[in-house]
Amino acid sequence: MYYPDNNATIKLTGSPSLLMNNLSSSKADSLCYVRLDEVYLAKLSGECVKLPISKSKIYQASFIDLNGKCVLAVLSNLGVQVWSMYGDSMMFYFPLNSLLGFEGEEEKFVRGITAMRDCFGIGCSTGNILIFGCKDGGNFPLVHNLESEKAAITCLTSSSSLLVAANDLGKLFGYAINDAFEQTLSFPGYGSPCTTLCMRESLLLAGYASGHIRAFRTDILELAFEITAHTRAVTGLSLNYLNWGERGVERGSELASCSADQMLHVWALPDFRTNASCRASLLYTGLLENKMCTGVAFLSGERICVASYDEEEIMIFKKIK
Amino acid sequence: FAAFFIIALLTMLGSQLAMPIIVLNMGGEMIYILNQRLQAQNVPLDKARKVLGDVIRTMYTPMFLEELFKPQEIYTMASTKQIFDKLAHSSIMRLNKTSMDKLFDLMTMGVKYQLISCRSPHQYLQVTLNHLDILAEMVKTEGVTDLIQVAISKAIELYTKLSNGNWLLLEQVLLQFFQGKKIKVSLFLQRNLQTLQGSLVLNNKGKLPFRTELPGEIRYFEGKEYIRSDEFLSDLRNECTVSETILEPNWTMGMNIYLKESETLQTRSDDSIIGSPTSVKKGVPLIDLATEASSSIQLATRAFARNLELTGPHSGLCSDAVPKAPLSAPRSPAKYSTHLSAKAELTLLSDLLGVTTARRGDKRSEDRLFKINLFPNEAFGQDKQSSGDSKASSVYESGAITIDIDAASGAKSMHSYMEELDWDEEEEERGSEYAADAKGTGGGHHGANYGTDEDDDLLALMDSAK
């Protein structure tokens, strides 16, 4: 169903680090990833730019849509920075120590980000989830400080009504997106950290360090299915969009997963509307030989891009028409 | 203090516990390579053991270990190299800059390969313990073995308590440390462990990480009950097996890849080797074996089991123990015919360094003979008698042993070396296979702004330990 488009491989000036979810795409097909203590922006044309950020331990860089505007968020041990999509100006900076202080021996950091209607959330190593409002003029006040278990948050995702966070213990916590952000659900861990999340309406998809992908139905609070997908930790999940021009409106039915096991999988997801549409299936498997995949993202034109640790290129896979 | 340490440990990030993994494993590789070179140069066994013992003794001084195992930011590649530069010169051995660079490159690529070959980050501990076990066996000198045992205990104590999330953080920071290092190593190229582009070959077959299942199944649930499964095609399903333990008993990463095959066969039947056929019965948990040389892997496995609350009769233990890969016991020179041994050793070293037989008169050829400095007290091109140096004597009498891992020479005699060698450093780098990939040597970008103030701590200890 997909094939590797070797002619479209994007050459990079710096190789990505092995982090979870270390590739993000924007509406304009820009890509961003983390390399050591730097963030790189890459275009499909091969143009690669380094973000002019100060030195810090970066855990994630991701494009998010805030009030219809695409911005770049950088999460590190210093806090969260929000940059313009092209990385030419920093719009917002929240220092982590202003909230969590300098107490304690352990180093604190932020990791995991998701954008919602008029706010965005980030996860903390302390288990806190910080919610920032999005006001006009680039003002992002801290509106909520949600607490979960005392385990580092690994990733966040959201639908139109639900914010979900995962932690190092593999546990998942769901919060209703409203004025109160009260916790409405939780799913137990399975003995391995949950490394990556994505969501389509009431279907929550989680990748784990054990190589499993699990799908939870948030409407009936049940595990729907689990896939023994990879032989190493799942490092990235990405859902396609039904209409690329209107990202964030409706997700499609294809899920791409990547892992340090050199594999890219593309799955067809059920919609659970009928009994016949309750099964998932594997659509495509791509072997990226000798590459530890560290992030995956859908692009326009039914393409998938995959970043790999220590490899100065991003592989492109294209759907066969 | 112990309770405080444990509490502090539990709140510490895994990313701050990378230095012991780096230093102990790279140190182990250094000893393997130096051991191989000492054997290649037919250094007497007692002298060789002294050299290795001195280096190990310096590397495992209590003060150094104490500092090493403290949670701290990871050092830069350059600072780490300085540590090993001091370590390498802590004995009567001397290495020139080029040799030290080559040594460090080999160490770096060796450890990088071992770490990326691990199925899960928990196996970093096993790689470390493999190195330590072999060092303890290699240099059975009074005091040295005890020091290594302390390092083993500290490593087990520290790493078996890490949470899975912290193991992932540790994995990330360690791989960042080695990111960008793609130096081609002939031994790796010959064994198909590395591609011609410098990328290390990954192998996903064999044992799976603990708690990872065979790929290829989709299980459906309804009302928390399992209802059915679908299978999908997975090439790896028939190539992998599930692990029952966190640490794999036969995991050879961290063992001496510089051993010759003849040594490998010789030591396999040694009853004193941990887990040898005569000491292990199939199906009997290793924990029941009363052996003085109890495996550090067994200890670590038990510690993991305790900390992760594993269950089952063989929880944390291996029921099908097979002999570990042979340890590198020091070789007695008398076991080898001198002329055959020298030729064989030169061949091995040339394989190691990736240099083939030089074409006579072809100075531009990158295929040059490597140089072994067997007469370090003699200046190149200078006759001993003409120098009037009455003190010039064999290397052993002077106490200094020069290890030369320089592959930049094409001559057969010292006079010829001087005539043929061009001491222009640029040409030396151009001709060296290790510099073939310029990008591969540029791995020192990481962590430039943090930990630099602390970089001197271990280095200062190295100075004071001399």
Side-chain angles (χ1 to χ4, degrees), chain A residues 14-15 17-20 35-38 54-57 59 77 104-107 109 125 151-152 154 167-170 190-193 195 209-212 222-233 260-263 267 278-282 285 287 289-292 309-312, chain B residues 8 11-13 15-16 71 73 116 119-121 163-169 171-173 175-176 178-182 195 197 199-202 204-205 208-224 230 232-237 240 308 439 445-450:
Chain A
S15 61
S17 295
L18 185 72
L19 297 171
M20 303 304 160
R35 169 188 158 77
L36 302 177
D37 51 7
E38 301 162 334
S54 54
K55 298 282 187 182
S56 60
K57 263 195 231 174
Y59 289 81
N77 63 329
E105 291 289 329
E106 73 278 15
E107 184 183 78
F109 59 89
S125 56
T154 52
N167 68 13
D168 268 350
L169 302 176
Y190 290 84
S192 292
T195 51
S210 57
H212 290 86
E222 284 183 4
L223 171 67
F225 58 88
E226 73 174 4
I227 311 174
T228 58
H230 292 278
T231 57
R232 300 287 186 270
D261 66 357
Q262 312 172 60
M263 294 291 191
W267 313 89
C278 290
R279 299 174 102 122
S281 61
L282 178 65
T285 292
L287 171 64
E289 199 168 11
N290 300 323
K291 294 180 181 8
M292 301 171 75
Y309 161 72
D310 214 13
E311 295 291 333
E312 291 182 350
Chain B
T11 57
M12 203 57 62
L13 288 184
S15 55
Q16 294 174 303
E73 295 299 332
I116 69 163
R119 318 224 188 271
S120 75
S163 66
N164 288 330
N166 275 318
W167 274 113
L168 289 180
L169 287 176
E171 177 186 38
Q172 290 167 9
V173 78
L175 292 189
Q176 285 180 347
F178 291 102
Q179 189 167 344
K181 285 289 187 182
K182 288 193 171 185
T195 67
Q197 290 73 37
S199 295
L200 293 167
V201 174
L202 300 176
N204 291 333
K205 300 174 184 176
L208 292 169
F210 184 65
R211 285 185 174 154
T212 295
E213 298 184 74
L214 289 173
E217 193 176 358
I218 306 175
R219 302 186 194 109
Y220 298 92
F221 300 84
E222 206 171 280
K224 297 183 183 180
D230 288 339
F232 60 88
L233 183 63
S234 171
D235 292 338
L236 289 175
R237 187 174 181 85
C240 295
L308 294 179
K439 286 184 181 180
H445 305 294
H446 174 66
N449 266 19
Y450 38 86

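Naming: A, B, ... by sequence-line order, numbering from 1 per chain. Only this structure's heavy atoms are used, side chains among them; waters, hydrogens and symmetry mates stay out. What you are looking at is a predicted structure, and each value in this text was computed from that prediction instead of being measured.
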When rounded to the nearest 0.5 angstrom, what is the spacing between [atom1] in [X] and [atom2] in [Y]?
X         : Y         : atom1 : atom2 : value
Leu19(A)  : Glu171(B) : CG    : CD    : 10.0 Å
Ser192(A) : Trp167(B) : OG    : CH2   : 14.5 Å
Tyr190(A) : Arg211(B) : OH    : CZ    : 13.5 Å
Thr285(A) : Asp235(B) : OG1   : CG    : 8.0 Å
Leu233(B) : Leu282(A) : CG    : CG    : 8.0 Å
Thr231(A) : Arg237(B) : OG1   : CZ    : 12.5 Å

Shorter than 4.5 Å, heavy atoms on both sides: which option in Ser120(B), Gly165(B), Cys240(B) has the most such pairs with chain A?
Gly165(B)
Contact leader toward chain A among Ile218(B), Leu200(B), Thr195(B), Leu168(B), where contacts are heavy-atom pairs under 4.5 Å:
Ile218(B)
Please classify the contact of Thr195(A) with chain B as side chain, backbone, both or neither, using a heavy-atom distance under 4.5 Å.
side chain
Taking atom types as modelled and ignoring hydrogens, do the side chains of Gln179(B) and Ser15(A) form a donor-acceptor contact shorter than 3.5 angstrom?
yes
Would the distance check show the side chain of [X] and the main-chain N or O of [Y] forming a donor-acceptor pair, the cut-off being under 3.5 Å?
X         : Y         : result
Asn290(A) : Leu202(B) : yes
Glu222(A) : Gly223(B) : yes
Asp230(B) : Arg279(A) : no
Tyr309(A) : Gln172(B) : no
Ser210(A) : Thr212(B) : no

Let's go through Arg232(A) and Asn204(B) carefully: what are the C-alpha distance in whole Å and the side-chain angles of both, what is the deciding distance for side-chain contact (heavy atoms from CB on, under 4.5 Å) to 0.1 Å, and is it a yes or a no?
CA-CA 8 Å; Arg232(A) 300 287 186 270; Asn204(B) 291 333; 3.6 Å; yes
Report the C-alpha separation of Glu226(A) and Phe221(B) in whole Å, then their side-chain angles, then the decisive distance to 0.1 Å, and conclude whether the side-chain contact (heavy atoms from CB on, under 4.5 Å) test is met.
CA-CA 8 Å; Glu226(A) 73 174 4; Phe221(B) 300 84; 3.8 Å; yes
[X] versus [Y]: any side-chain heavy-atom pair under 4.5 Å?
X         : Y         : result
Asp37(A)  : Gln176(B) : no
Ile227(A) : Glu217(B) : no
Leu236(B) : Met263(A) : yes
Ser15(B)  : Lys57(A)  : yes

May I have the step-by-step check of side-chain contact (heavy atoms from CB on, under 4.5 Å) for Leu169(B) and Phe109(A), ending in yes or no?
CA-CA 12 Å; Leu169(B) 287 176; Phe109(A) 59 89; 4.2 Å; yes
Max heavy-atom pairs within cutoff under 4.5 Å with chain B, candidates Ala152(A), Gly191(A), Gly211(A), Ala233(A), goes to Gly191(A)
Tell me the closest heavy-atom pair linking Ala229(A) and Pro215(B), and the distance in Å.
O-CB, 4.1 Å
Minimal non-hydrogen separation, Thr228(A) against Phe232(B), with atom names:
O-CZ, 3.6 Å
Salt bridge (Lys or Arg N to Asp or Glu O under 4.0 Å) between Lys182(B) and Glu312(A): does it pass, once the steps are laid out?
CA-CA 12 Å; Lys182(B) 288 193 171 185; Glu312(A) 291 182 350; over 6 Å; no
